[in-house]
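Sequential numbering from 1 along the given sequence is applied to the chain's residues. What you are looking at is a predicted structure, and each value in this text was computed from that prediction instead of being measured.
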Amino acid sequence: CAPQDGRGVGRAGGVARACGAGAQARERADQLEAIADRCGVPSVRGFAARARAGIAAATAGQAAATHLEEALVAFADGGMAHDIAGTRLQLATLLADDRPQVATGEARSALEGFQAIGAVRGADAAAQLLRRLGETGPARPPVDGVLTARQHEVLDLVAEGLSNADIAERLFISRRTVEHHVSSILSALQVRTRAEAVARALRGIRT
């Protein structure tokens, strides 16, 4: 189970990026899934899902999007901020032509994620995609030093009683992305439930 260390995870990511869409790609994706099943490493499962997305993108865009959403969940479980942002950017790129509003939401989230960890190249790529989608200007920084502007948008809708599915539809992002935003909000505010997060918001985030 070498992928539990940094070198192993890096090798797994390299395999995923190199997969392409042929028979060899499917074999490599199978290998990654076998490693994930054997070792229970969320990051490797994420790389496997991302590899499947690359294979599916050649024939079925929706299947590719589903695999990328699975990868987001796995990378979130592994706390891999850079891969979360990178997968969001891949999802945005995949959806840019057919679902530009959803793509814009995902690209914004990717940009915020890259900026939060100081990943300049990733942030530049996300910003470039946003410009292609008709968005101008940089992503808004955290407005109170705790939550990003996007997280505040999500929290406001949670406070209105909207479900994750409703929030996804309102903000033109995937349900998986909403789930990740909600999880990040709870973590940032150091609370356990949506109700507690709303209570913090009503009192003022800094209190």
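- A159 approaches V198 most closely through the heavy-atom pair CA-CG2, 3.8 Å.
- Hydrophobic cluster membership is shared by V178 and V191, with clusters built from Ile, Leu, Val, Met, Phe, Trp and Tyr side chains linked at under 4.5 angstrom.
- Counting heavy-atom neighbours within 6.0 Å of R194 CZ, excluding the residue itself, gives a total above 12.
- When all heavy atoms of L147 and I185 are compared, the pair lying nearest together is CD2-CA, 4.2 Å.
- For the atom pair I173 CD1 and L95 CG, the distance stands at 12.5 Å (nearest 0.5 Å).
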Name the atoms and distances for all side-chain donor-acceptor pairs under 3.5 Å in residues 117-129, with sequence neighbours left out.
none

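- Counting heavy atoms from C-beta on, the side chains of M80 and F47 come closer than 4.5 Å.
- Side chains of R175 and E69 form no contact here, defined as non-hydrogen atoms less than 4.5 Å apart.
- Here the options are V102, L68, L89, the test is side chain to side chain contact (heavy atoms under 4.5 Å, CB included), and the partner is L94; only L68 passes.
- Between the side chain of T104 and the main chain of P100, a donor-acceptor pair closer than 3.5 Å is present.
- Contact record, A49 with A71: CB-N, 3.7 Å, taken as the closest heavy-atom pair.
- Within the 4.5 Å cutoff, side-chain heavy atoms of L155 are placed close to those of L189.
- By the 4.0 Å N-to-carboxylate-O rule, D97 lies close enough to R132 to be salt-bridged with it.
- In this structure, the ring of F114 has its center less than 6.0 angstrom from the ring center of H82.
- Looking at T87, its side chain does come within 3.5 Å of a backbone N or O of D83 through a donor-acceptor pair.
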Please test T177 against S174 for side-chain hydrogen bond (donor to acceptor under 3.5 Å, both in side chains), starting from the C-alpha separation and ending with a verdict. CA-CA 5 Å; T177 296; S174 71; 2.9 Å; yes
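- When every heavy atom of L130 is checked against every heavy atom of A107, the shortest pair comes out as CD2-CB, 3.6 Å.
- Electrostatic pairing of D156 and R170 does not count as a salt bridge here, judged by no charged N lying under 4.0 Å from a carboxylate O.
- The two residues G105 and R150 have their closest heavy-atom pair at CA-NH2, 3.4 Å.
- Evaluated for a side chain to side chain contact (heavy atoms under 4.5 Å, CB included) with S109, the options Q151, H180, H181 yield exactly one hit, H181.
- Around the CD atom of E169, the shell of radius 6.0 Å holds no more than 12 heavy atoms that belong to other residues, nucleotides or ligands.
- The CZ atom of R88 lies 11.5 Å from the CG atom of L111; values are rounded to the nearest 0.5 Å.
- Put simply, the side chain of R192 does not reach to within 4.5 Å of the side chain of L186, judged on heavy atoms.
- Contacts of R45 classified as salt bridge (Lys or Arg N to Asp or Glu O under 4.0 Å), with partners at least two apart in sequence or in another chain: D37.
- Using a 4.5 Å heavy-atom cutoff, the side chains of V158 and I167 are in contact.
- At a threshold of 4.5 Å between non-hydrogen side-chain atoms, the residues F172 and E106 do not count as touching.
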